Amino acid sequence: MFVERISDALREAAAELGAAGAGFRLERPKDTSHGDLASNIALALASRLRRAPRDIAQDLKERLDGLEGVDRIDVAGPGFLNFFLEAATVGGSLHRILAAAGAYGRNDDGSGRRIMVEFVSANPTGPLHLGHGRQAALGDAIASLLEWSGWQVYREFYFNDAGAQIMRLAESVRARYQQSLGHDIPVPENGYRGDYVAEIADLLRQKVGRRYEGDQGGAALQSMRDFAVAELRDEQKKDLAAFRVHFDEYYPETRLYDDGRVAATIEALDDTGLTYRSDGAAWLRTSRFGDQKDRVMVKSDGSPTYFLPDVAYHMSKWERGFHEVVNVQGADHHSTVDRVRAGLQALGRRPGYPEYVLHQMVTVERGGEEVRFSKRAGSYTTLAELVAEVGADVARYFFLMRRPEAHLTFDLDLALDQSDRNPVYKVQYAHARLCRLFELAGDQYGDGPDVAEAADTSLLDAPIEREVINQLAEFPDFLRRAARARAPHLVCDYLEKTAGLVNSWYQSGHPTRDPARRTLVSDGALRAARLALAGAARIVLGNGLAVLGITAPERMERGA
RNA sequence: GUCCCCGUAGCUCAGAUGGAUAGAGCGACUGCCUCCUAAGCAGUAGGCCCCAGGUUCGAGUCCUGGCGGGGACGCCA
């Protein structure tokens, strides 16, 4: 590929000047007047060679002159090297894209290694909320980016199916159950008060009738707990399915106790000699590993803190062969990061294991006002309600289009808007109109896909065409960067920019602008070349949307 | 009090290892459909990149100290 060729040539030329192994960039400049590619290499070498950047640039330019596929090289600004490529070189990108098709954009960073992405991990105490939604979209997109980068990805959902929160849920269901049978039993303080609790109580009553009436015994409470947990997990799975998110495994906390992992973890930690007893509790010297203070593992009442199963859980990830793990969590969990890593370091795992992507909270606005409440959940808006209202495509895109660590304001008015203001539709629409070109090319001229593949792309010499092609050629680089940074929003940015350029290109052939520039002209060679561009752009937009888990429609039907 | 994140156009936000005149969408304003879907395009206006120092040939980006907003600092999960 020509980018590598130029990059290699620059590296060689730098070595000849006595600066081997220098770091530099070769990228597409923002301003098209700066050529198809530009490098800062002369600037980067200036201090090392103790020469003026422009002087070095001139020297490099002379060494690189005559490079195949390059039309000319300019020295510009403070010492940039601007490369202007021959039209055939630029157009060549299109053939590579058309040939790779659905695989265009993939790389082999992971070279088949295993990696786990843990996300959502909601406790079964209520319906999923918008924070979970953001996490579902983020985790799934990060997982997908990693797959596109050659990793073997495992998606896991961890949930706490025991413990105090779950007992509060069980007690809340019990109260509603007894209430439905006419008993005046109040929902406990700190209990769950959403309508869904009463719904579960109703389902329970349909199933068991009055069997637990007045029964305050532990056995009844246990079975009510199990029933409620099963119901809520079921609901969460349905909500995730509607959001098109699927997991390889749902891992329950109780499994860690049942198979002895928690007990084994206590033993293993004791063996390190880093534990001690104080005030009746068992502590671990996590402060040795960068935690702010030591942490309690086992409380004075003999029960473990959350910390212990968490360490046990991550050891299980390691032992299951996941030596690379990305945990997607809300920023409110950030205090647990240091302590879990410290616990794992005590057991010999490397610092920085596992990796975390922490995201900020989500708020919803309608008409400029914050929307807070949900009928079913009582105190928050649920993911299911949002998806029902705006659809999975829009919801996913909106959750992904901001950096995880930035606060997200979900604008419902914008999400529901079926116009150019809505970035999702802008991207999908660009894809759909490209598909339409192929449909019409077939109808009107009998052109098949092979026409684009055989096209002479050097005919594409308009500035806008060159710009679109260079943008398409950058796609694999963007995906790689987004995967490495665990940053799906970079893909959104890329897609919006690409869609804008594609639309701009498309409109340049509008009848009132320049009919000669339309795609479906009678000149067969020209039409083929333009279809090659359209086909490549369709592939890029389609693949980009696929990475994000968003559909790429071949046709946009305007809603009522 | 300690730690983490954020602070860029009226609004919501991008700005990869420091590089050319700081970008996009929305909102505002002006244009563009007898002909490939106007869910679009072309253009105009709008900036002390929170402040102050520092490093550098060069800082929105790195360092220090402030200010403002959010979050976390439990033998809670």
Side-chain angles (χ1 to χ4, degrees), chain A residues 23-25 27 29-31 34 38 40 43-44 46-47 52-53 76-80 82 123 125 160 163-166 168 253 278-283 292-293 295-301 303-307 310 330-338 358-361 365 368 401-409 411 414 417-426 428-430 432-434 436-437 439-441 444 477-478 480-482 484-485 487 489-490 492-493 496-497 499-500 502-513 515 518-521 530 534 555-559:
Chain A
F24 64 91
R25 291 165 70 161
E27 61 190 359
K30 283 173 270 184
D31 188 333
H34 294 145
N40 68 341
L43 295 154
S47 65
F80 286 96
N82 293 340
N123 287 341
T125 54
N160 190 322
Q165 303 285 346
I166 300 291
R168 287 222 306 267
E253 187 191 6
S278 174
D279 301 326
W283 298 67
Q292 288 200 308
K293 50 171 284 199
R295 303 293 171 178
V296 171
M297 313 186 302
V298 184
K299 296 186 243 178
S300 51
D301 68 4
S303 63
T305 60
Y306 181 71
F307 165 67
D310 230 13
D332 55 336
H333 283 74
H334 115 263
S335 64
T336 66
V337 173
D338 284 347
L358 300 179
H359 67 85
Q360 291 292 325
M361 291 294 110
E365 282 187 6
M401 67 187 182
R402 304 296 177 220
R403 286 148 66 221
E405 58 270 25
H407 206 95
L408 177 69
T409 304
D411 184 341
L414 181 59
D417 196 313
Q418 292 197 2
S419 80
D420 54 323
R421 297 190 303 175
N422 191 327
V424 192
Y425 294 129
K426 177 171 180 166
Q428 290 184 323
Y429 179 61
R433 71 183 354 167
L434 294 170
R436 180 67 176 152
L437 285 179
E439 227 177 275
L440 291 172
Q444 294 173 13
D477 220 50
F478 252 92
R480 184 195 297 266
R481 196 195 309 168
R484 286 180 179 169
H489 75 277
L490 294 176
C492 295
D493 286 351
E496 282 177 58
K497 174 98 187 290
V502 164
N503 285 331
S504 194
W505 167 76
Y506 182 92
Q507 288 284 352
S508 70
H510 192 272
T512 55
R513 294 175 65 89
R518 68 205 298 267
T519 301
L520 301 177
V521 289
R530 288 174 184 169
R555 214 173 253 267
M556 296 293 278
E557 307 291 350
R558 190 190 272 280

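Letters go in sequence order (proteins before strands), and every chain restarts at 1. Quantities reported herein were computed from a predicted structural model and do not represent experimental measurements.
Phosphate contact (OP1/OP2 of B:A42, side-chain N/O of A:S504, threshold under 4.0 Å): present. Residue A:R513 places no side-chain N or O under 4.0 Å from the OP1 or OP2 atom of B:C33. Residue A:R403 places at least one side-chain N or O under 4.0 Å from the OP1 or OP2 atom of B:C6. The side chain of A:K426 contributes an N or O atom lying less than 4.0 Å from OP1 or OP2 of B:C41. Residue A:K293 places no side-chain N or O under 4.0 Å from the OP1 or OP2 atom of B:A72. The shortest distance between the side-chain N/O atoms of A:H489 and the OP1/OP2 oxygens of B:G15 is below 4.0 Å.
Taking NE2 of A:H489 as the reference point, atom CD of A:E405 lies at 7.5 Å (rounded to 0.5 Å).
Across B:A16 and B:G74, the matching C1' atoms stand 39 Å from one another, rounded to whole Å.
Residues A:G509 and A:A499 both approach RNA chain B. Their nearest nucleotides, taken by heavy-atom distance, put A:G509 toward the 5′ side. Mapping A:A432 and A:T336 onto RNA chain B by nearest heavy atom places A:A432 closer to the 5' end of the strand.
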Distances under 3.5 Å between protein N/O atoms and the N/O atoms of nucleotides 1-4 of chain B, please, pair by pair.
residue	atom	partner	partner atom	Å
B:U2	O2'	A:Q292	NE2	3.2
B:C3	O4'	A:Q292	NE2	3.2

Would you tabulate the pairs of protein nitrogen or oxygen atoms and nucleotide nitrogen or oxygen atoms of nucleotides 16-21 of chain B closer than 3.5 angstrom?
residue	atom	partner	partner atom	Å
B:A16	N7	A:R25	NH2	2.7
B:A16	N6	A:R25	NH2	2.9
B:A16	N6	A:E27	OE1	2.4
B:A16	N3	A:R481	NE	3.3
B:U17	O4	A:R25	NE	2.9
B:G19	OP2	A:R25	NH1	3.4
B:G19	O6	A:L43	O	3.2
B:A20	N6	A:N82	OD1	2.8
B:A20	N1	A:N82	OD1	3.2
B:A20	N1	A:N82	ND2	3.1
B:U21	O4	A:D31	OD2	2.8

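Interface remark: the A:S300 side chain does form a donor-acceptor pair with the B:C75 base, using a distance-only criterion of under 3.5 Å.
For A:F80, the ring-ring contact (aromatic ring centres under 6.0 Å, His included) criterion is met by no residue, not counting sequence neighbours.
Nearest nucleotide to the side chain of A:D332, out of B:A72, B:C33, B:A38: B:A72.
Judged purely by distance below 3.5 Å, without hydrogens or angles, the side chains of A:T125 and A:N123 never pair a donor atom with an acceptor atom.
With a glycosidic angle no further than 90° from 0, B:C33 counts as syn.
A:A485 comes within 4.0 angstrom of no nucleic acid atom, judged by non-hydrogen atoms across all strands.
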